[in-house]
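Per chain, numbering begins at 1; letters A, B, ... match sequence-line order. The structure presented is a predicted model; accordingly, all values stated were derived computationally and were not measured.
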Amino acid sequence: MGYPHTPAPRPNQVLPRPFYQRPAHLVAPDLLNKILLAADGLSGRIVEVEAYCGAVDAAAHTFRGKTPRNATMFGPAGHMYVYFTYGMHWCCNAVCADEGDGQGVLLRALEPMTGLYAMRAARPRARRDRELCSGPARLTQAMGITGAQDGIDLVSARGGFTIVSDGVPPPTNPVGHARVGISRAQDRLWRWYVEGSEHVSRR
DNA sequence: CGGGCGATACCCT
DNA sequence: GGGTATCGCCCGA
């Protein structure tokens, strides 16, 4: 017989739509320790995020209103906004809040969990496994995310990517830090990461 | 292993 | 035409 007081392993739970239907700066720290899961089996634990908060956030792509590029972020919560930047990199966000708000959470780093072999093949330049997903454009390369995934639904799972919980809670007292790579609204402390994680993009 | 800098194309002014 | 929610090369430790 097993050990009666050992909790039964719980199957991964897909995060429901209401999880995302909140302001991005509240969703962001709750995404820490959740898992980005691809249909082909690649997965990684979310260890670093940033919130971008629409019309009140001068650093957000959506600050100046809807354009062809940012249209997905003005759409329904729980979808994935993927954008192209610096002429060569893809980055992905989870759309948050209400439709029309233009809010989202940028996924900045993962701790690789499954599919490491495929991730190394997708990122042959990584010198160490900690470089596979430690950066917003690195994790999209490792997970196989491009503009083809812009607009997919993270809740229905039909788009090939979901965010799930395996029961590991987010940090109890997450500390906000300045966001990376922006020149405006640097005073908003909307970056969060898992303290002590070796997979965060910048310490 | 970390700092400095060039690459690169797309969107927005 | 300017600036970019970045990365990897190169070089020195």
Side-chain angles (χ1 to χ4, degrees), chain A residues 20 23-32 36 44 46-75 77 79-97 101-112 119-152 154 161 163 174 176-194 196-203:
Chain A
Y20 301 99
H25 71 280
L26 299 181
V27 176
D30 282 353
L31 278 170
L32 293 177
L36 179 63
I46 297 168
V47 296
E48 182 184 354
V49 293
E50 286 177 357
Y52 286 88
C53 300
V56 300
D57 182 1
H61 287 166
T62 51
F63 181 65
R64 290 186 165 80
K66 193 172 181 176
T67 66
R69 179 206 203 191
N70 65 26
T72 294
M73 206 146 120
F74 283 100
H79 288 243
M80 189 155 76
Y81 165 51
V82 185
Y83 67 88
F84 192 60
T85 193
Y86 289 104
M88 59 195 108
H89 300 303
W90 297 102
C91 300
C92 77
N93 300 248
V95 178
C96 295
D101 284 352
Q103 299 194 28
V105 175
L106 173 68
L107 304 185
R108 286 197 54 91
L110 308 175
E111 175 183 345
M119 290 186 190
R120 294 186 195 108
R123 289 186 39 72
R125 307 296 186 166
R127 292 179 288 187
R128 319 191 54 164
D129 282 352
R130 69 206 295 185
E131 295 178 354
L132 288 175
C133 296
S134 57
R138 290 175 175 178
L139 73 90
T140 58
Q141 288 174 28
M143 296 288 290
I145 296 170
T146 70
Q149 279 72 46
D150 183 39
I152 66 151
L154 291 165
F161 291 86
I163 298 178
H177 302 266
R179 293 173 292 181
V180 175
I182 57 170
S183 59
R184 294 169 297 200
Q186 292 172 331
D187 56 318
R188 311 314 297 260
L189 305 182
W190 283 339
R191 173 179 182 238
W192 293 268
Y193 51 83
V194 175
S197 172
E198 297 296 313
H199 299 271
V200 169
S201 67
R202 281 172 52 174
R203 302 299 312 254

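Positionally, the nearest nucleotide of DNA chain C for A:G181 lies more toward the 5' end than for the other of A:G181 and A:A126. Judged by closest nucleotide on DNA chain C, A:C92 is the one of A:R138 and A:C92 placed further toward the 5' end.
Here A:D101 pairs with nothing under the salt bridge (Lys or Arg N to Asp or Glu O under 4.0 Å) rule; sequence neighbours left out. With sequence neighbours left out, the side chain to side chain donor-acceptor pair (under 3.5 Å) criterion links A:H61 to A:Y81. Every side chain to side chain donor-acceptor pair (under 3.5 Å) that A:R191 has, sequence neighbours left out, goes to A:E48. A:R123 meets the salt bridge (Lys or Arg N to Asp or Glu O under 4.0 Å) test with no other residue; sequence neighbours excluded. When the side chain to side chain donor-acceptor pair (under 3.5 Å) test is applied to A:R184, no partner is found at least two apart in sequence or on another chain. Annotation: salt bridge (Lys or Arg N to Asp or Glu O under 4.0 Å) contacts of A:R188 (sequence neighbours excluded): none. Remark: A:E111 pairs with no residue by the side chain to side chain donor-acceptor pair (under 3.5 Å) rule, at least two apart or across chains.
A:L106 comes within 4.0 angstrom of a base, heavy atoms only. Contact annotation for A:A137: backbone-only contact, meaning every heavy-atom pair under 4.0 Å involves sugar-phosphate atoms and none involves a base. Within 4.0 Å (heavy atoms only), A:R123 reaches sugar-phosphate atoms of the nucleic acid but no base atom.
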So what does the secondary structure string of DNA chain C come out as, 5' to 3', with Watson-Crick or wobble pairs under 3.5 angstrom, [ ] for crossing and | for pairs with another strand?
||||.|||||||.
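Note on A:R179 versus A:E50: no salt bridge recorded, every NZ/NE/NH1/NH2 to OD/OE distance being 4.0 Å or above.
Running 5' to 3' along DNA chain C, contacts with non-hydrogen atoms of chain A at under 4.0 Å begin and end at C:dT4 to C:dC9.
With hydrogens and angles ignored, the 3.5 Å screen pairs a side-chain donor or acceptor of A:D57 with a backbone N or O of A:A59.
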Reading nucleotides 1-13 of chain B from 5' to 3' and marking B where a protein heavy atom lies under 4.0 Å of the base, S where only the sugar-phosphate is that close, and - otherwise, the string is BB----BBBSSSS
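Listed by first and then second residue, the salt bridge (charged side-chain N to carboxylate O under 4.0 Å, His left out) pairs involving residues 131-149 of chain A are A:R127-A:E131 (not counting sequence neighbours). Under the salt bridge (charged side-chain N to carboxylate O under 4.0 Å, His left out) criterion, no residue pair touches residues 60-72 of chain A, with sequence neighbours excluded.
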